[in-house]
Asker: 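Sending over a structure as structure tokens; questions will come in a sec.
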Number of protein chains: 2
Amino acid sequence: MARAGLTAERLAVAGAELADEAGFDGVTVSELARRFGVKDASLYSHVKNLRELRQRVTLYAAGEFIDSIAAAIAGRAGKDALVAFADAYRAYALAHPGRYAATQHQVDPELLVGTTVLARTVDTTYGMLRAYGLTEPDLTDAVRLLRSTFHGYIALEAEGGFGHPREVQRSWDRGVQALHVLLEHWPRSEEGEKDDD
Amino acid sequence: MARAGLTAERLAVAGAELADEAGFDGVTVSELARRFGVKDASLYSHVKNLRELRQRVTLYAAGEFIDSIAAAIAGRAGKDALVAFADAYRAYALAHPGRYAATQHQVDPELLVGTTVLARTVDTTYGMLRAYGLTEPDLTDAVRLLRSTFHGYIALEAEGGFGHPREVQRSWDRGVQALHVLLEHWPRSEEGEKDDD
DNA sequence: CAGACAAACCTAGGGGCCCTAGGTTTTCGC
DNA sequence: GCGAAAACCTAGGGCCCCTAGGTTTGTCTG
């Protein structure tokens, strides 16, 4: 009988789909095996264990995620870029909740060698902020604040922590608006602040 | 032989401790039974299933959490209150990672009847912002933004998404500082903005 | 104080999941 | 066509969740 043609890569893709259907916790060796019409033991030739399987899903989703954001902010700067970034971020997270959840997990360094996801993510994020003219260490602080806010918003929304969807959309817009104002009024760290303490 | 004296409440407390040691995913019926020197089947007299057990942990942790924050901001207002809120928030999350993780999960409404956790949380949060003089719907938007930012920051920090701990502390301080500025410059929603669209 | 009754706890067992060890079949390069 | 690597399988152990139904413990009551 025809073989399923398993690959670590194909498992990651199927795992990403599964994640959107069943949550990141729902990506499981046995369910994935079931979908490929294969015994669960067969997956262990391509993947060390469940942990690695999930990390591959994370890696795959993170690539998709940052690419869709990069596409959205291409050719934009300043507030335009911020809004595009934010909207693309949220759109992906809402369209692919499981994949997005995957991106929030750590990946072992050894699995990262040879990939550019990390670098792309950093470049895209810092690039989006360029027009605000922040310099280190403010830039890093601002990036952290933005990542935190976006992630926190999506996490709360996904968890049902908010009310009406329409309302959430407007709150999000106003939150992004507020972040724009914040970036323009960013409290600089020049005076009376030690850099390494 | 002496009975263990199990209770839904005692299970929740023990579950909270277990969560800090083994993560929220680590709170498990069998491990908890082991700690009480009891067979796992025995827990099902006090708790419907694993799901309910974890929700009780969530509820317990959420109470602890909001109480420690409320204590921290008592008698403060404006920026003082904001900073106290933020620091208490992060301190609890770092001291009790598992409990904090628990607070981010949903609880079935039926389990909420008779408790005041939700109301206390809302009151404390809105109270903290009172001095900034925001009115609805800006107030709700601001609360959402703050919750998001705080949660996002802790989530990223816990996940190891940041670098050096010292650095994170300073970034956090500056982030809170920035949020204070933001609240003072909050873009009001009076003009040119539809309320229900 | 004895019996009754309701908790509290137990044994037995089914099903699901992860993972290992070692065997069989397919595929592919030579 | 043949040998070897790769793909897949069977068998089985261990852990976990959960149910059904029995036994023990404590408490309440007459």
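Everything numeric in this text was worked out from a predicted model, so none of it was measured. Protein chains get the first letters and strands the later ones, always in sequence-line order, with residue 1 at the start of each.
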Asker: Could you list, one pair per line, each protein nitrogen or oxygen that sits under 3.5 Å from a nitrogen or oxygen of nucleotides 16-18 of chain D, together with the distance?
Answerer:
| from | atom 1 | to | atom 2 | distance (Å) |
| --- | --- | --- | --- | --- |
| D/dC16 | OP2 | B/Arg34 | NH2 | 2.6 |
| D/dC16 | O5' | B/Ser30 | OG | 3.2 |
| D/dC16 | O3' | B/Thr28 | OG1 | 3.0 |
| D/dC17 | OP1 | B/Thr28 | OG1 | 2.4 |
| D/dC17 | OP1 | B/Val29 | N | 3.1 |
| D/dC17 | OP2 | B/Thr28 | OG1 | 3.1 |
| D/dC17 | OP2 | B/Val29 | N | 3.4 |
| D/dC17 | OP2 | B/Ser30 | N | 2.9 |
| D/dC17 | OP2 | B/Ser30 | OG | 2.8 |
| D/dC18 | OP2 | B/Tyr44 | OH | 3.1 |
| D/dC18 | OP2 | B/Leu50 | N | 2.6 |

Asker: For B/Leu118, I'd like to know if atom CG has over 12 heavy atoms of other residues, nucleotides or ligands within 6.0 Å.
Answerer: no

Asker: Kindly say if B/Ser42 contacts the phosphate of C/dC10, meaning a side-chain N or O under 4.0 Å from OP1 or OP2.
Answerer: yes

Asker: Between B/Tyr89 and B/Phe65, is the ring centre distance below 6.0 Å?
Answerer: yes

Asker: Nearest whole angstrom, please: distance from the P of C/dC10 to the CZ of B/Phe36.
Answerer: 13 Å

Asker: Expressed as a whole number of angstroms, how long is the span from B/Leu43:CG to D/dA20:C1'?
Answerer: 17 Å

Asker: Can you measure A/Leu11 atom CG to D/dA7 atom P for me and round it to whole angstrom units?
Answerer: 11 Å

Asker: Could you give the NZ-to-C1' distance, from A/Lys39 to C/dT25, as a whole number of Å?
Answerer: 16 Å

Asker: Could you state the atom-to-atom distance from NE2 of B/His46 to P of C/dA7 in whole Å?
Answerer: 11 Å

Asker: As a test of understanding, state which of A/Asp123, A/Thr124, A/Thr116 forms a side-chain hydrogen bond (donor to acceptor under 3.5 Å, both in side chains) with A/Arg120.
Answerer: A/Thr116

Asker: Do B/Tyr100 and B/His96 have ring centres separated by under 6.0 Å?
Answerer: no

Asker: Charged N to carboxylate O below 4.0 Å: is that the case for A/Arg35 and A/Glu17?
Answerer: no

Asker: Quick check: are there more than 12 heavy atoms from other residues, nucleotides or ligands sitting under 6.0 Å from CG of B/Leu112?
Answerer: yes

Asker: Mind calculating the distance between CG (A/Leu32) and P (C/dC19) to the nearest angstrom?
Answerer: 13 Å

Asker: Side chains of B/Thr149 and A/Thr149: is there a donor and an acceptor less than 3.5 Å apart?
Answerer: yes

Asker: Flag the pair A/Tyr132 / A/His180 as yes when their ring centroid distance falls below 6.0 Å, and as no otherwise.
Answerer: yes

Asker: Need the bend value for the helix from C/dC1-D/dG30 to C/dC30-D/dG1: angle between end axes, 5 pairs each end, nearest 10°.
Answerer: 10°

